[in-house]
Number of protein chains: 2
Amino acid sequence: MQITSKFTTAVHILTCIDVFGEQMRVTSEFLSGSTGVNAVIIRNVLAQLRSAGIVNTRQGSGGAHLAKPLNEITLYDVYLAVECVDNDEGLFHFHENPNARCPVGRNIHKVMDNRLSAVQAAMENELKSVSLSEIVADTKRIISEE
Amino acid sequence: MQITSKFTTAVHILTCIDVFGEQMRVTSEFLSGSTGVNAVIIRNVLAQLRSAGIVNTRQGSGGAHLAKPLNEITLYDVYLAVECVDNDEGLFHFHENPNARCPVGRNIHKVMDNRLSAVQAAMENELKSVSLSEIVADTKRIISEE
DNA sequence: CTACTTGTCAATATGATTATTACAAGTTTG
DNA sequence: CAAACTTGTAATAATCATATTGACAAGTAG
């Protein structure tokens, strides 16, 4: 099981918009070339980032732009935007038909739910602690040292 | 994206072994009935728990038994045993073909890896903090109050 | 108008997860 | 030993999520 690559793709996209955005139009075709991901997927990810208020895009004119400063975008915002984990279902997939006639079967969900939520929250809190400005700053530093 | 239900199934199994183990043989058929999960899946999960030194099973005689006390088994041990997350790949699936000729493409992995590992570690640390004895104690308490 | 780009649909592959059938091999009971 | 039961495991199929691809309507800019 792995969290969809749309997440790392989205971070890659946002980094490109900041790194290249001033010199050129950052189109879905360009992003497809940089990420190695199909342009339709790129457009879908951009649409999700746009719905989340993270980027602006427009038909025709082309080129994605940041809708807010990088330091106001965390990995968690990106994670939410691309729907890595379904809000209803949660991170852990429960076996769906525990037997209600078994004392354990009818209570296991109740007993585990809070704890699994805490595990998911621990992961999400860590995502909240990283802002895109850190990611991009590191990227620019590495590029300048190459 | 969700973590395989083999994880919650395994916790369910271990709870059943402790709750019912003294009164009866806890066979894969019985566990299949309690969990609503196919008996072959149950046997596969039991095989993984056995490989991890968490339970004992034997051909023929039937009935799974705990190989160590519940308070020495954490959710993390179970998570490792049933291989929720591939050790090589990690929790996050990276897009696989970033363009090495793009400055961002050839560095994005390097920049993100540490941070994604930290996120995964935060989740796994939370799993380590919960022992099966807590889960089973809660279950028994709820059953006794029904 | 023309060239380009985004938004989106539909069809297809690909891969992971779970279910199911089948049977060899080990254990227990009589 | 024979019968009944159980685990271990392989192979196949069904289901679902993920990612790719081609197509085209609609918006924008020169």
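Each chain gets a letter, A, B and so on, in the order its sequence line appears, and its residues count up from 1.
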Distance-only donor-acceptor pairs under 3.5 Å for side chains of residues 126-139 of chain B, two or more places apart:
unit_1  : atom_1 : unit_2  : atom_2 : d
S129(B) : OG     : E126(B) : O      : 2.7
S131(B) : OG     : S133(B) : N      : 3.2
S131(B) : OG     : S133(B) : OG     : 2.6
E134(B) : OE2    : S131(B) : N      : 3.1
D138(B) : OD2    : R115(A) : NH1    : 3.2
D138(B) : OD2    : R115(A) : NH2    : 3.2
T139(B) : OG1    : I135(B) : O      : 2.8

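- Residues passing the side-chain contact (heavy atoms from CB on, under 4.5 Å) test with R50(B) are V55(B), T57(B), sequence neighbours excluded.
- Whole-Å rounding puts the N56(B) CG to dG8(D) P distance at 11 Å.
- The stretch residues 15-44 of chain A touches DNA chain C through R25(A), T27(A), S28(A), V40(A), R43(A), N44(A), each having a heavy atom under 4.0 angstrom from the strand.
- Judged purely by atom type and a 3.5 angstrom limit, N125(A) has no side-chain atom pairing as donor or acceptor with the backbone of A122(A).
- If you check residues 75-103 of chain B against DNA chain D, the residues with a heavy atom closer than 4.0 Å are H93(B), listed by number.
- Here E145(A) pairs with R141(A) under the salt bridge (charged side-chain N to carboxylate O under 4.0 Å, His left out) rule; sequence neighbours left out.
- Considering all non-hydrogen atoms of both residues, I108(B) and P98(B) come closest at CG2-CB, 4.5 Å.
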Could you give the side-chain donor-acceptor pairs of residues 37-49 of chain B under 3.5 Å, partners two or more places apart or in another chain?
unit_1 : atom_1 : unit_2 : atom_2 : d
N38(B) : OD1    : V40(B) : N      : 2.9
R43(B) : NE     : S28(B) : OG     : 3.2
N44(B) : ND2    : V40(B) : O      : 3.4
Q48(B) : OE1    : K6(B)  : NZ     : 3.1

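- Nucleotide dT15(D) holds its P atom 19 Å from the CD atom of Q2(B), rounded to whole Å.
- Following rounding to the nearest Å, I13(B) (CD1) and dT7(D) (P) show an atom-to-atom distance of 11 Å.
- Taking both residues in full, the closest heavy atoms of T15(A) and V104(B) are given as CG2-CG1, 3.9 Å, listed atom of the first, atom of the second, then distance.
- N107(B) meets the side-chain contact (heavy atoms from CB on, under 4.5 Å) test with I142(A), I143(A), E146(A), K110(B); sequence neighbours excluded.
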Please output the side-chain donor-acceptor pairs of residues 80-95 of chain B that fall under 3.5 Å, not counting sequence neighbours, one pair per line with the distance.
unit_1 : atom_1 : unit_2 : atom_2 : d
D86(B) : OD1    : D88(B) : N      : 2.7
D86(B) : OD1    : E89(B) : N      : 3.0
H95(B) : ND1    : T8(A)  : OG1    : 3.0
H95(B) : NE2    : H12(A) : ND1    : 2.9

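- Other residues, nucleotides and ligands place no more than 12 heavy atoms under 6.0 Å from the CD atom of E22(B).
- Partners of Q59(B) by side-chain contact (heavy atoms from CB on, under 4.5 Å), not counting sequence neighbours: none found.
- In this view, D18(A) and K140(A) satisfy the salt bridge (charged side-chain N to carboxylate O under 4.0 Å, His left out) rule, not counting sequence neighbours.
- Of all the heavy atoms in I3(B) and F7(B), the pair that sits closest is CG2-CB, 4.3 Å.
- When each of T4(A) and A47(B) is assigned the nucleotide of DNA chain D bearing its nearest heavy atom, the one mapping closer to the 5' terminus is A47(B).
- Going from atom CZ of F7(A) over to atom P of dT18(D) covers 15 Å, rounded to whole Å.
- Taking atom NZ of residue K6(B) and atom C1' of nucleotide dT18(C), one finds them 10 Å apart after rounding to whole Å.
- Between the CG atom of L46(B) and the C1' atom of dG8(D) there is a distance of 11 Å, given to the nearest Å.
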Tabulated below should be each protein N or O lying under 3.5 Å from an N or O of nucleotides 12-16 of chain C; please produce it.
none

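- Residue S5(B) places at least one side-chain N or O closer than 4.0 Å to OP1 or OP2 of dT18(C).
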Under 4.0 Å protein heavy-atom contacts per nucleotide of nucleotides 25-30 of chain D, with B for base, S for backbone only and - for none: --BSS-
